[in-house]
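Counting starts at 1 for both ligands and their atoms, in listed order. Computed from a prediction, not measured in an experiment: that's the story for all the values here.
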Amino acid sequence: MTKEQKELVKATVPVLKEHGVLLTTHFYNRMFTHNPELKNVFNMGNQQNSKQQTALAMAVLAYAEHIENPGVLMPVLDGIGQKHTSLDIRPEHYAIVGGHLIASISEVLGDAATPELLEAWTVAYNQLAAIMAGHEQNLYSKQVAKKGGWTGWRPFVVKQKVKESTEITSFYLFPTHGGVVPDFTPGQFLSVRLFLPELNLLQPRQYSISSAPNGEYYRISVKREAGTELFADGMISNRLHNFVNEGDIIEVSAPAGGFVLNGDGDHPIVFISGGVGQTPLMSMLESLIKSGSKRPKTWIHGCRDKNVHAFKEVIEHWEGKNEEVKKHIFYSEVEEGGADDLYAGWVDLNQLSDEIFEPNTEYYICGPAGFIELHYRELVKKGIDKQLIHFEEFGPQTLQLN
Ligand SMILES: Cc1cc2nc3c(=O)[nH]c(=O)nc-3n(C[C@H](O)[C@H](O)[C@H](O)COP(=O)(O)OP(=O)(O)OC[C@H]3O[C@@H](n4cnc5c(N)ncnc54)[C@H](O)[C@@H]3O)c2cc1C
Ligand code: HEM
């Protein structure tokens with residue numbers, strides 16, 4: 001890229017800041033009109049809200065801002081790469097996306113999109129695409145190098161379907177051909193792909209693995225997303241709950257994701273979850289217990305009431321058997337005379353003993369965006385180093401807290 005081209009791309013940052021989501025919305029509409037087969041690749045539920053458009057716009061903006069030194073974006077690009085590889089995105093897709101992105105810049109900017117600007121953006125996009133596709137190729141290579149590893153979609157049979165609460169059901173997924181499944185780092189997710197007759201489309205969704213690595217199967221635990229008066233029920237979660245039964249086969253991609261347990265050291269760990277956000281943390285806690293680690297582990301969980309409280313008995317069992325495991329459960333709706341070992345209301349870290357928040361402790365938070373933000377800020381207020389707070393949103397990653 002020439003110096004002039006870099007300047008031209010950087011000069012687009014204010015416009016992107018102002019119209020980024022407009023541009024990416026235009027881009028998605030354009031791409032799905034010309035390449036409707038890609039509707040099978042994207043989460044079409046995420047297209048209903050502007051989260052996916054925002055995530056793409058933010059990534060493009062960050063890139064334009066760091067055009068001199070795109071290497072600093074590596075952690076961000078790794079997060080995107082983890083999602084891309086779990087969706088079987090390949091280098092050839094980058095050309096399609098690039099074509100629509102450049103055409104969209106031209107269409108949205110109108111006369112302001114000079115041939116020089118479009119040329120500069122084409123060079124910039126190709127540079128970014130090469131970095132991303134190269135990194136993703138490395139991730140694919142690492143996946144196949146693992147024992148039992150694979151890339152892309154692979155058939156798995158649901159051997160067991162277990163109701164964990166009125167809203168959450170677990171699916172035990174075994175590879176149809178038998179054999180081992182590769183290990184993963186606790187906290188990682190899978191993508192699952194189902195055909196939706198109502199859309200006449202295949203649709204992928206991510207689900208965290210809720211069990212520790214065991215070489216034999218992956219367990220996912222899915223909350224049935226109920227709709228509201230305005231919006232229909234969640235498509236894939238309801239299909240899994242209502243139509244996918246023991247013995248059925250579904251397509252699954254290999255474990256991916258950067259929200260993972262740091263297994264090093266012997267410092268304490270605190271897990272903070274809201275609702276179904278406990279799934280990746282269940283995998284982390286189970287694997288620590290299985291490893292015989294004596295690190296202090298605190299389990300802080302909030303949900304509506306006991307009917308929706310999944311894995312209640314498992315956590316009680318682990319606490320009973322391991323003195324270094326301590327649980328703190330919050331119900332936002334508690335019955336009259338509810339149990340003594342419960343806190344009433346939403347998760348409130350200030351109700352817990354200061355001992356839990358020792359400076360050398362590591363924190364893992366998972367739940368809705370507002371939940372993560374609240375507890376992240378609470379921990380920072382308590383003087384916790386931001387580097388020790390890890391979190392994951394169950395959707396396009398939109399929180400910018402660090
Ligand atoms: C890394 C990661 C890990 C995850 N792990 C888990 C997990 O372990 N367990 C789990 O249950 N989920 C998990 N999820 C969430 C999961 O991937 C799905 O997003 C979830 O199951 C909902 O999918 P769906 O197809 O049922 O809903 P969708 O059809 O995608 O709808 C999503 C929500 O949007 C609402 N909606 C529909 N139309 C509109 C509209 N027009 N405007 C606004 N809202 C609308 C729906 O009512 C629904 O509540 C994870 C997500 C990620 C990214
Ligand atoms: C330079 C090019 C690209 C950039 C900057 C980019 C950026 C992003 C970002 C920021 C996300 C959100 C990650 C998250 O969930 O946190 C994402 C997700 C995704 N990307 Fe890309 N991407 C690029 C190219 C592509 C290509 C070529 C494809 C293939 C057609 C693709 C398909 C997807 C899909 C399917 C998702 C998940 C979307 C969802 O489930 O809603 N991307 N990308």
I need the atoms of ligand 1 closer than 4.0 Å to a non-hydrogen atom of Glu225, numbered in the order shown. 22 (C), 49 (O)
Have His241 and Arg224 got a donor and an acceptor in their side chains that come within less than 3.5 Å? no
Proximal ligand 2 atoms for Asn46, defined as those under 4.0 Å from one of its heavy atoms: 39 (C), 40 (O), 41 (O)
Mode of His93 contact toward ligand 2 - side chain, backbone, both, neither (heavy atoms, under 4.0 Å): both
Pair Glu68 + Lys10, salt bridge at N-O below 4.0 Å: yes
Polar contact flag for Arg205 and ligand 1 (N/O pairs, less than 3.5 Å): yes
State whether the shortest distance between N or O atoms of Tyr125 and N or O atoms of ligand 2 falls below 3.5 angstrom. no
Residues Arg304, Glu167: salt bridge by 4.0 Å N-O rule: yes
For atom 2 (C) of ligand 1, tell me which residue out of Arg219, Met282, Arg239, Gln206 has the closest non-hydrogen atom. Gln206
Within the structure, does Lys223 bring an N/O atom to less than 3.5 angstrom of an N/O atom in ligand 1? yes
Less than 3.5 Å between some nitrogen or oxygen of Thr228 and one of ligand 1, yes or no? no
If the condition is ring pair (Phe, Tyr, Trp, His ring centres under 6.0 Å), which residues does Tyr343 pass it with, not counting sequence neighbours? His328, Phe330
Could you check whether atom CG of Asn69 has more than 12 heavy atoms from other residues, nucleotides or ligands sitting under 6.0 Å from it? yes
Modelled atom types, side-chain donor and acceptor of Thr151 and Gln143, under 3.5 Å: no
Side chain or backbone, does Tyr94 bring an N or O within less than 3.5 Å of an N or O on ligand 2? no
Sequence neighbours excluded, the answer for salt bridge (charged side-chain N to carboxylate O under 4.0 Å, His left out) partners of Glu246 is none
Should Asp341 and Lys327 count as an ion pair when the cut-off is N to O under 4.0 Å? yes
Output yes when the distance from some N or O of ligand 1 to some N or O of Met235 is under 3.5 Å, and no in every other case. yes
Mark up the atoms of ligand 1 that fall under 4.0 Å of a heavy atom belonging to Thr279, in ascending order. 7 (C), 8 (O)
With heavy-atom distances below 4.0 Å as the criterion, list the atoms of ligand 1 near Phe189. 1 (C)
Check the side chains of Glu37 and Asn35 for a donor-acceptor pair under 3.5 angstrom, ignoring hydrogens and angles. yes
Check each of Leu128, Asn43, Leu61 against atom 40 (O) of ligand 2 and report the one with the nearest heavy atom. Asn43
Heteroatom distance test (Ser208, ligand 1): nitrogen or oxygen, under 3.5 angstrom: yes
For ligand 2, which atoms sit closer than 4.0 Å to a heavy atom of Ile89? 26 (C), 28 (C), 29 (C), 32 (C)
Parallel, tilted or perpendicular: ring planes of Tyr376 versus Phe391, cut at 30 and 60 degrees: perpendicular
Would you mind running through ligand 2 and noting each atom that sits below 4.0 Å from a heavy atom of Leu87? 34 (C), 35 (C), 36 (C), 37 (C)
Please report the C-alpha distance between Leu194 and Val244 in whole Å, then the side-chain angles of each, then the deciding distance to 0.1 Å, and finally whether the side chain to side chain contact (heavy atoms under 4.5 Å, CB included) criterion is met. CA-CA 10 Å; Leu194 299 181; Val244 174; 4.3 Å; yes
What atoms of ligand 1 come within less than 4.0 Å of a heavy atom belonging to Ser221? 7 (C), 8 (O), 9 (N), 10 (C), 11 (O)
Salt bridge check, Asp248 against Lys161: does any charged N sit closer than 4.0 Å to a carboxylate O? no
Would you verify whether the NZ or CZ of Lys159 falls within 45 degrees of the ring axis of Tyr172 while also being under 6.0 Å from that six-membered ring's centre? no
Non-hydrogen atom of Tyr63 closer than 4.0 Å to ligand 2: no
Which of the numbered atoms in ligand 1 are under 4.0 angstrom from any heavy atom belonging to Ile236? 24 (P), 25 (O), 26 (O)
I want to know if ligand 1 touches Ala232 in the polar sense, i.e. an N/O pair below 3.5 angstrom. yes
Subset of ligand 2 atoms that lie under 4.0 Å from at least one heavy atom of Val97: 26 (C), 27 (C), 28 (C), 30 (C)
State whether the number of non-hydrogen atoms from other residues, nucleotides or ligands found under 6.0 Å of Glu355 atom CD is greater than 12. no
By number and element, which atoms of ligand 2 are closer than 4.0 Å to a non-hydrogen atom of Ala55? 10 (C), 12 (C)
Below 4.0 angstrom from a heavy atom of Lys83, which ligand 2 atoms are there? Numbered from 1 as shown, please. 14 (C), 15 (O)
Evaluate His84 for polar contact with ligand 2, using N/O atom pairs at a separation under 3.5 Å. yes
